[in-house]
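Heavy-atom basis, side chains included; hydrogens, waters and symmetry copies ignored. Just so it is clear: chains get the letters A, B, ... in the order the sequence lines come, proteins before strands, and each one is counted from 1.
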2 protein chains.
Amino acid sequence: MLQIGELSDLTGVPAKTIRYYEDIGLLPPARRDDNHYRLYEQKDAERLRFIRSARALDFSLQEIAQILAARDRHEPPCGHVMEIIQSHIDEIEARIRELEQLKQELTVLYDAGQDLPEDVHMRSCVCNLIQISGTKKGN
Amino acid sequence: MLQIGELSDLTGVPAKTIRYYEDIGLLPPARRDDNHYRLYEQKDAERLRFIRSARALDFSLQEIAQILAARDRHEPPCGHVMEIIQSHIDEIEARIRELEQLKQELTVLYDAGQDLPEDVHMRSCVCNLIQISGTKKGN
DNA sequence: CATAAACCTTCCAGTAGCTGGAATGTCAAG
DNA sequence: CTTGACATTCCAGCTACTGGAAGGTTTATG
């Protein structure tokens, strides 16, 4: 029988977050001690570790909730999980491409800024370059 | 003299967002028509375009606010801007590395999942793999 | 003149995933 | 008896918006 702080130490998930997970239904309502303190067992630690691992893989709480709900109903969620994983990989690849592009733009901007002389009147300022660059989103 | 909808069309920034920017002080309170409608001029469009460009470069509203405030005080914010740009580039590089790592992990997981047989009893399920993998954040 | 559509206004609430803090209760040690 | 370390609930805030309700204004049309 664990108190919330012990469960927290065991799993690395802050107590505050554990309560939050309970609030949103990701964890079932915890048993309570006579003093209303939450009481946990090993299987709670496992569930929490699963959540933490999935979060580390950038699964959303909603996705995790779906997977856990399937498991709670004793349905193997593998197919679903595999779909999520695939779509995550796709998203990550897209995001990486976006970031590469963004980095490229910022680098160009930075280099251009380096070449500008000091100008108190702001006729030449990186700001002006910003106006010109980065006009791609929401064209 | 532009109404908010026209300014929106001109800049590609939703009217709702323009009001929001005013609320948080990124735009000065707009002049009002007799009917309380907001009225804008060309220079508002420019300021808004600057904001939009900087957002496209992933500057936070706070960073943008700082830059604009400096400009409003007729101080060239170049040095500050250059610092922001540099730190953004650093962050982006770090983020890309994170995402590459994450993608790698997900790919390994996916491939392992592919090789698992159908198992109604969930003894072999990607879920179990998740428990083992992704235990890197918040060790 | 009534009415509809297309504007505009304000204000409240919600998104994700927590985190901080206040006010309060419980428990063990000195 | 008090101090400290736990726990509890509830409310608010973070980012950058976005949706929607409830209402006012303007213009066009029947």
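Listed nucleotides dT8(D), dT10(C), dC8(C) differ in distance to R38(B); the shortest reach to its side chain belongs to dT10(C).
In this structure S87(A) satisfies the side-chain contact (heavy atoms from CB on, under 4.5 Å) test together with E91(A), sequence neighbours excluded. With sequence neighbours left out, the side chain to side chain donor-acceptor pair (under 3.5 Å) criterion links D90(A) to Q86(A). Listed by chain and residue number, K103(A) satisfy the side chain to side chain donor-acceptor pair (under 3.5 Å) test with E93(B) (two or more places apart in sequence, or in another chain). Listed by chain and number, the residues in a side-chain contact (heavy atoms from CB on, under 4.5 Å) with A69(A) are R73(A) (sequence neighbours excluded). D9(A) pairs by the salt bridge (charged side-chain N to carboxylate O under 4.0 Å, His left out) definition with nothing, not counting sequence neighbours.
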Annotated protein contacts, base or backbone, on nucleotides 11-24 of chain C with a non-hydrogen cut-off under 4.0 Å, one of B, S, - each: ------BBSBB---

Collect all protein-nucleotide pairs involving nucleotides 27-29 of chain C in which both atoms are nitrogen or oxygen and the distance is under 3.5 Å.
| unit_1 | atom_1 | unit_2 | atom_2 | d |
| --- | --- | --- | --- | --- |
| dC27(C) | OP1 | N35(A) | ND2 | 3.4 |

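Atom CG in D33(A) sits roughly 10 Å away from atom P in dT8(D) (whole-Å rounding). To the nearest angstrom, P of dC7(C) lies 17 Å from CG of L39(B). Residue L27(B) contributes atom CG, which lies 14 Å from atom C1' of dC17(D) at whole-angstrom precision. Atom CD1 in I18(A) sits about 14 Å away from atom P in dC6(D), given to the nearest Å. Summarising the geometry, the separation between CZ on R19(B) and P on dC7(C) is reported as 13 Å, rounded to the nearest angstrom. Computed from coordinates, the E63(B) CD to dT15(D) P distance equals 11 Å when rounded to whole Å. Distance CD1 (I24(B)) to P (dC17(D)): 8 Å, rounded to an integer number of Å. We find that OH of Y40(B) is positioned 11 Å from C1' of dC8(C), with the value rounded to whole Å.
The pair E100(B)-R97(B) does not meet the salt-bridge criterion, since no charged nitrogen lies less than 4.0 angstrom from a carboxylate oxygen. Ionic pairing of D72(B) and R47(B) is present here: one or more N-O contacts between side-chain nitrogen and carboxylate oxygen are shorter than 4.0 angstrom.
If you check the side chains of Q62(A) and Q66(A), you find no donor sitting under 3.5 Å from an acceptor. Inspection of the H88(A) and E63(A) side chains reveals an N or O donor paired with an N or O acceptor under 3.5 Å.
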Using a 3.5 Å cut-off and no angle test, enumerate the donor-acceptor pairs between side-chain atoms of residues 18-39 of chain B and protein atoms at least two apart in sequence or in another chain.
| unit_1 | atom_1 | unit_2 | atom_2 | d |
| --- | --- | --- | --- | --- |
| E22(B) | OE1 | R38(B) | NE | 2.9 |
| R32(B) | NH1 | H36(B) | O | 2.7 |
| N35(B) | OD1 | Y37(B) | N | 3.1 |

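Toward the 5' end of DNA chain D, the nearer of the two residues H36(B) and Q3(A), judged by each one's closest nucleotide, is Q3(A).
Nucleic acid contact for I4(A): sugar-phosphate only, since backbone atoms but no base atoms lie under 4.0 Å from a heavy atom of the residue.
Between the two ends of the helix from dC1(C)-dG30(D) to dG30(C)-dC1(D), each summarised by a five-pair axis, the helix axis turns through 40° (rounded to 10 degrees).
Taking 4.5 Å as the limit, some side-chain heavy atom of I51(A) sits within range of a side-chain heavy atom of L68(A).
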